[in-house]
Structures are given as C-alpha cells and as structure tokens.
Amino acid sequence: MRADRLVSLVLLLRQRGRLTANTLARELEVSTRTVLRDIEVLSAAGVPVYAERGRHGGFALLPGFRTELTGLNHDETLALLTARSGRGEQVFGLRPALASAIRKVVDALPEGHLASASDAARRFLVDPETDLLARRLVTEEIADTTMVEVRRAVLAGHKLRIHYAATDQAPLWRTVDPIGLVTVRERGYLLATKSGEDRTYRLSRVLAAEELPEAAQRPDRVDLDRIWRERSAQFLSDGDHITVLVRMNPLRREELLDTALAVRAEEPDADGRLRLEVTFQDLRHAEWALWQLGTDAEALAPQSLRTSLRNRAAAMAARYEEAP
C-alpha cells in the first residue's frame with residue numbers, strides 16, 4: 001500500500017506542479033504527517049522533490065523529472081473495469097484506487113497529447129451530484145475496512161462472515177458463501193448463498209465483515225446478470241408487494257421510478273400521457289409515492305389504492321376549508 005501511495009504522490013506532483021502538504025494529504029486520503037514522512041522517503045530514494053517556503057509554497061519536483069512507475073495494481077485495474085458501469089467504484093470502495101489508476105494512465109500519455117486529453121476530459125460530465133430538478137444523488141455508505149473484507153472474499157472465493165442488520169431486526173452475525181457484487185441506482189448488493197439457499201444482502205446494512213480462510217461453496221464460473229434477473233423476479237413474487245396501474249404525466253416518470261420497486265409494463269396513452277404497471281412494497285408505500293406526484297399521476301387500479309388516495313385528499317381539503 002505504501003509503495004502505491006508513493007507512486008501516486010510523485011504522479012500528483014508531476015501532473016499538477018507545486019502542491020501543499022494539506023492538498024497532498026487530501027488527495028491521498030492520509031494525514032499531513034504521513035505525507036511529510038513519504039516526502040522524506042522519496043528524497044532519500046533519489047527522487048528530486050523539494051520544498052518551497054512561504055505563503056504560496058509547497059512541494060514540487062525538479063523540472064523534466066519523469067517516472068516509469070505506471071503499472072496498474074490489482075485494485076486499480078478492477079476499479080477501471082468497474083467504472084464502466086457508472087459509479088460502482090464508490091459503492092464497492094474502489095474510489096481511491098480509481099483515482100490512482102487514472103493518475104498513472106495520464107502520466108503514461110505522450111507529452112504532446114497530455115494537454116489535448118485534459119481539455120477533452122473537461123467536455124464530459126458523468127453523474128453529477130444533482131439532476132436538473134436539483135435532487136441530490138444519494139450514495140449509500142459502507143466502511144472502507146468492511147468493504148475491503150467483502151471484496152477480498154468475493155474475489156478469492158472464500159467464505160465471508162458478516163454482521164448484518166436486516167430490516168426491523170437486530171444485527172446478527174452470519175457466515176455466507178459470496179458469489180458476486182452488484183450495484184443498482186447507487187445501491188450495492190452482495191449476492192451469496194447461506195446453507196445452500198440464495199441470499200441477497202444490502203451492502204449498506206453490513207456493519208462489519210471478516211474474510212474466512214475456508215473456500216466458499218460456489219461454481220467456478222458465474223453469470224451475475226442472469227442471477228440478478230432471477231433474484232429480482234423472485235423478490236417481486238414474494239411477500240405483500242402490490243402492483244399498481246398508473247396513468248401519469250411523462251415528465252414525472254423518473255420520480256415515480258425512483259420510488260417504485262419495479263416497472264412491469266409501460267405504454268403511451270392516447271393523449272400523450274403514460275400508462276405504467278409498477279410494483280410497490282405495499283399499499284402504504286404506493287399511496288405515499290403517488291401522493292408526491294399530485295394530479296400528475298392517477299392510480300387506475302387497484303381500487304383499494306384509489307380509495308386511500310381519495311380519503312387522504314378529502315381529509316386534506318377539509319383541513320383547509322376554513323381560515324386558521
């Protein structure tokens with residue numbers, strides 16, 4: 001880990017020029033004291049890094065210094081592959097590895113291409129923190145140490161012990177056979193089996209994890225896409241889920257999808273509105289979701305939901321009949 005950090009430190013100075021110890025610490029996600037120790041190690045190894053004093057001082061490399069230390073380590077390669085699917089590097093705890101990998105790729109570019117590549121990169125913005133309606137994108141958090149253990153067990157094919165907090169239950173320790181990791185709409189999931197039974201765990205509910213030395217009971221090859229489709233179908237067929245037929249303004253479609261569990265069918269209506277068949281957790285969940293959309297959405301079925309929404313609207317109207 002320290003060797004990778006030293007390489008990243010050198011690449012940061014090469015690509016950005018003079019940087020303060022605080023800036024380097026923030027970029028490398030370590031303490032300022034660690035950065036100062038790393039600077040001493042680099043100097044002792046012959047890397048021409050020097051300090052500039054004063055208000056605008058910091059650390060810099062002698063002009064013209066280049067390094068050939070651009071090989072990608074395992075996590076950096078994995079981060080680059082994961083990044084193709086969106087922000088998976090954040091969900092799976094690979095964000096620092098991705099940043100390090102990108103620095104190495106940039107450093108390997110020929111001098112003449114660096115400026116044009118940097119300018120081109122500024123023309124793209126992927127997954128900003130808010131959408132056009134100023135809604136913040138919320139990414140679930142999981143402790144780095146926990147995510148490292150989960151990721152190691154998945155990749156090594158070892159059993160995994162997790163302290164898991166299921167909905168409305170006290171956290172329990174359980175030992176599982178990990179199959180793979182999936183990220184959907186900024187939510188991460190661990191696909192696994194427990195005593196031979198399929199299990200899907202929400203990563204944000206994993207409070208702690210420990211990779212075990214025993215080999216996991218799982219096939220050598222895996223088709224995560226197929227497994228996810230099968231488990232999604234099973235999830236929708238279990239429990240007290242409710243399917244709702246909705247007629248709505250197409251401009252509010254994404255808001256509905258953000259709250260629904262799944263969309264079973266979708267087609268345009270004659271007047272330009274949309275008809276969707278969507279699944280919610282239960283009647284209360286469906287009522288809450290459609291209430292947020294006001295008159296832009298109408299529940300056509302089931303009748304129990306229409307009745308609940310009508311009663312809620314009548315109660316609201318009664319509340320505002322008279323001046324306070």
Side-chain angles (χ1 to χ4, degrees), residues 1-84 87-129 137 139 141-149 151-152:
M1 287 295 293
R2 187 179 192 184
D4 289 333
R5 189 175 69 243
L6 293 174
V7 172
S8 292
L9 195 158
V10 172
L11 296 179
L12 279 169
L13 294 177
R14 263 192 43 76
Q15 294 162 22
R16 299 194 193 178
R18 184 173 59 248
L19 295 172
T20 66
N22 287 336
T23 299
L24 289 168
R26 185 170 58 252
E27 289 288 340
L28 299 173
E29 299 186 352
V30 296
S31 67
T32 303
R33 180 175 298 179
T34 297
V35 168
L36 296 177
R37 285 200 300 263
D38 288 348
I39 292 291
E40 292 180 1
V41 171
L42 290 172
S43 296
V47 177
V49 57
Y50 65 96
E52 291 186 358
R53 308 295 179 184
R55 180 180 178 184
H56 301 292
F59 295 98
L61 294 169
L62 289 178
F65 176 77
R66 287 188 64 85
T67 175
E68 299 301 324
L69 300 177
T70 55
L72 300 182
N73 66 26
H74 178 268
D75 273 359
E76 292 165 350
T77 303
L78 184 60
L80 287 176
L81 294 174
T82 306
R84 295 179 303 176
R87 299 170 74 149
E89 77 283 354
Q90 292 187 19
V91 177
F92 298 144
L94 293 167
R95 183 173 57 84
L98 178 62
S100 177
I102 290 176
R103 283 194 291 268
K104 291 181 178 182
V105 171
V106 170
D107 195 71
L109 292 173
E111 290 289 349
H113 294 174
L114 182 56
S116 60
S118 297
D119 181 67
R122 297 189 187 99
R123 304 290 177 176
F124 297 91
L125 177 62
V126 180
D127 285 337
E129 290 188 356
L137 180 65
T139 302
E141 298 293 334
I142 178 172
D144 289 343
T145 52
T146 299
M147 193 63 244
V148 166
E149 291 294 310
R151 197 169 66 241
R152 283 177 178 170

(message) Do L28 and T34 have side chains that approach each other closer than 4.5 Å (heavy atoms only, starting at C-beta)?
(response)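 The answer is no, as the side chains (C-beta and beyond) never meet within the 4.5 Å cut-off.
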
(message) Is there a side-chain contact between V30 and L24 in this structure, where contact means two heavy atoms from C-beta onward sitting under 4.5 Å apart?
(response)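 V30 vs L24: side chains apart.
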
Straight-line distance of [X] [atom1] to [Y] [atom2], nearest 0.5 Å:
X	Y	atom1	atom2	answer
L19	L61	CG	CG	9.5 Å
E27	L11	CD	CG	12.0 Å
S8	E29	OG	CD	10.5 Å

Could you tell me which residues satisfy side-chain hydrogen bond (donor to acceptor under 3.5 Å, both in side chains) with [X], sequence neighbours excluded, listed by chain and number?
X	answer
T23	T20
R26	none
E40	none

(message) Please enumerate all residues that pass side chain to side chain contact (heavy atoms under 4.5 Å, CB included) together with A21, with sequence neighbours excluded.
(response)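 Side chain to side chain contact (heavy atoms under 4.5 Å, CB included) check on A21 returns T32, V35, L36, F59.
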
